[in-house]
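Structure first, commentary second.
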Amino acid sequence: MATFLLEIGTEELPATFVSEAIEQWQKLIPTTLTEAYLTNDAVNVYATPRRLAVVINGLPIKQPDREEEIKGPPAKAAFKDGKPTKAAEGFTKKQGVELNDLEIRPTEKGDFVFVNKKIHGQQTTAILTELIPEWIDKLEGKRFMRWADGDIKFPRPIRWLVALLDDEILPINLENGSEKITSDRLSYGHRVLSPQIIKISQAKDYEEELRKAYIEVDYQQRKSKIEQQIQTAAKEVKGTAEIPTELLAEVTNLVEWPTAVVGKFDEEFLILPAEVTKTVMVTHQRYFPVVKSPKAGKEIELLPYFITISNGDPEKSEIIATGNERVIKARLADGQFFYKADLAKPLESYLPELEAVTFQAKLGSMGEKVQRIVNIAKLIAEQLQVSKEESKNIERAALLCKTDLVTQMVYEFPELQGVMGEKYARAGRETEAVATAIFEHYLPRGAGDILPKTISGQVVSLADKLDTLVSIFGLGMLPKGSGDPFALRRAANAVVNITWSANLPLNLHQLLEQIAVDFVKTYSEINSELLTQLYDFFLQRIRTILQEEKNIDYDLVNAVLGDNDSEYQERALKDLLDVRNRAVFLQNIRQNGMLEKIYETVNRSTRLAAQGELDKMQLAPLEVVDSKLFKSESELAFYDALVELVPQTEISQKTRNYQQLVDALAKIAPTVSNFFDGPESVLVMDPDPKIKQNRLNLLSLLRNNARVLADFGQIVKS
């Protein structure tokens, strides 16, 4: 067994590509090795800003010999009168076998010629020589580039190749126009700490040899060292470091030999909101903030320190820290100036400036959008029947929600939109509800983000997102494929999730209609299918969230949303809480076995009822079933059971207590089963059309009662 090493040396790679490349090779390389019949003990992928490498342990020297069954031409074409034809001879020649090796075997399409061909395994070196260019070529990412005069694309120019099978160089040539990169055993150490060439003798020594040259090639090891160094450094200044996950990942891919460096900034900058200082540190400078060790019940306080991860000489840490301190001082001084300037006037005074900010070319300014948000927020508040005080806060928050966009701080640091609005609102003595709502109306900012907690924040957030959806849809600018420049899918998901999280009794169907009517009054260039497209879009989002986030089985989602069932679709949009509750309830009764008890009779009735013509809203049997047409006791029993069922259904419909309906359906199940298959069973499709219709009406009534919960015709048997 052998160990193989491949290292691609490059100029400094983008941090995001380093992680992407590791993930891609961890999938691609084992797959291609398996396809090439090369077993192995382990495939270890490594990466730093200047190299991408893989070490494969336990490779055989050659592929194993194997037999492969190969199908040839039909027997009729291969042999005529017992003698081989040209088709048989051509097949044997192509496969390198004798006519005596051929076998005739039956298949679904008749007799065919087969051969068991013995294939001798290739040398591993020959296979790897073919696979390596494929491994390089199949890497994907953003902003790949060409360099020199060649056609090779990679995120950064490739400068060297190491390819070793144990201690032997595997000859690989990458031709890039006039430039030729040939594999060797020569790599390069750390640019500062060990810039000389490294000669790698054995593939198995790769990690050890590079560590000697101050290169930690293992991403997880590098990440772990960085975390440990950051927390150790924070303790030295009597604090705790905040380590954002994304920043840690980025920094890990920016260094080859990490060193934590502590910097300090003037305490006068602590008067700035912590969010400003942290944004400067984390987003703009890639520094890790240091805070006082948190104590229960106390707000976390920022300390005047920060930690950076250097890729330079540890002995020069003081010089590096001084340079970093100079940079952050300038950035924080800017922030302090912006903060003081913004506080000089109240938020409301910024409203006129929103007229100069374009929301969308055809939809006017951000000021116009704010007015639409105010109007929509009023509609939502009326629907939810909030108190007068809450209504006042909602209207005020809606009016001020975008004002911080034209402040100097948010102009410089767009990431702080909403955050600064909340700060400035408090400073301007707006109510706590208004200040919080200004921040919360941007929530959620992405997948996994928190949702608004206050009623004011929830309403203004919904209003903002619904305005964007109706307006952009109104112009006919629907998301296509992966393209969604206005993040409409995220906005619609947020509307549903906020409603569900806060249990808001929102009639989305009515609300969309009202907003669309107002939009049409204002804008002449409109999408004629606006409402239909909005309804369909929201139904698709509801379907996706139920399946992917609530983990509801697909058929149960179909059962509550229907299959092109306008009644169910409208019902879902009119009561988002009910459609969620019904889906969750169905999932629960499937898991506890209750669904199985009623499934067979209700589903069978539903399928047969499709052949009838009874209105799906009809529940009571008195008007649509003629007891004089009964020919069996089972029909009368079915009828009587339906009469008892209706009150239970109506109570469930009113109280949304669907367990009561399911219990009633379980009670009627034996009666329906007897109607179908008992000793006094009947033929539903009776030759007499009146009797047939009467029996179909019985089944339709059962279906209609069950439809209060779901369309059982969409449910698949467990």
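Here, residue 1 is the first one in the sequence, and each next residue gets the next number.
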Tabulate below the donor-acceptor pairs under 3.5 Å that side-chain atoms of residues 238-247 make, not counting sequence neighbours, or state none.
unit_1	atom_1	unit_2	atom_2	d
T240	OG1	S293	OG	3.2
E242	OE1	K278	NZ	3.1
E242	OE2	K278	NZ	3.0

* To do: Walk me through it: do E179 and W147 pass the test side-chain hydrogen bond (donor to acceptor under 3.5 Å, both in side chains)?
  => CA-CA 10 Å; E179 182 181 277; W147 66 97; 3.1 Å; yes
May I ask you to decide if [Y]'s main-chain N or O and [X]'s side chain share a donor-acceptor pair within less than 3.5 Å?
X	Y	answer
E440	K453	yes
R580	W500	yes
T48	R50	yes
N253	A15	yes

Please determine whether the number of non-hydrogen atoms from other residues, nucleotides or ligands lying under 6.0 Å from atom [atom1] of [X] exceeds 12.
X	atom1	answer
K62	NZ	yes
F144	CZ	yes
E140	CD	no
E11	CD	yes
F265	CZ	yes
E69	CD	yes
R105	CZ	yes
Q196	CD	yes

* Identify whether the distance between the nearest side-chain nitrogen and carboxylate oxygen of R211 and E216 falls below 4.0 Å. =>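 Salt bridge between R211 and E216, a charged N being under 4.0 Å from a carboxylate O: yes.
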* Asked: Are the charged groups of K264 and E325 less than 4.0 angstrom apart, N to O?
  ->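 E325 and K264: not salt-bridged.
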* Name of the residue among E256, R156, R191 meeting side chain to side chain contact (heavy atoms under 4.5 Å, CB included) with E12 -> R191
* **side-chain contact (heavy atoms from CB on, under 4.5 Å) involving N558 - partner list, sequence neighbours excluded** =>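 Partners of N558 by the side-chain contact (heavy atoms from CB on, under 4.5 Å) criterion, ordered by chain and then number, come out as R543, Y554, Q714.
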* To do: Check side-chain contact (heavy atoms from CB on, under 4.5 Å) between K93 and all other residues, then give those that pass, not counting sequence neighbours.
  =>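 Counting only residues at least two positions away or on another chain, K93 forms no side-chain contact (heavy atoms from CB on, under 4.5 Å).
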* Using the ring-ring contact (aromatic ring centres under 6.0 Å, His included) rule, collect all pairs that involve residues 202-239, keeping only residues at least two apart or in two chains. => Y214-W257
Donor-acceptor pairs are to be reported for all side-chain atoms of residues 160-175 against protein atoms at under 3.5 Å, with residues two or more places apart or in another chain.
unit_1	atom_1	unit_2	atom_2	d
W160	NE1	E7	OE1	2.7
D166	OD1	T3	N	2.9
N173	OD1	T182	OG1	3.1

* Asked: Could you walk me through whether D101 and T92 pass the side-chain hydrogen bond (donor to acceptor under 3.5 Å, both in side chains) check?
  -> CA-CA 9 Å; D101 296 325; T92 55; over 6 Å; no
* So which heavy atom on R51 is nearest to which on T10, and how close? -> N-OG1, 4.2 Å
* Asked: Partners of D555 by salt bridge (charged side-chain N to carboxylate O under 4.0 Å, His left out), sequence neighbours excluded?
  -> R590
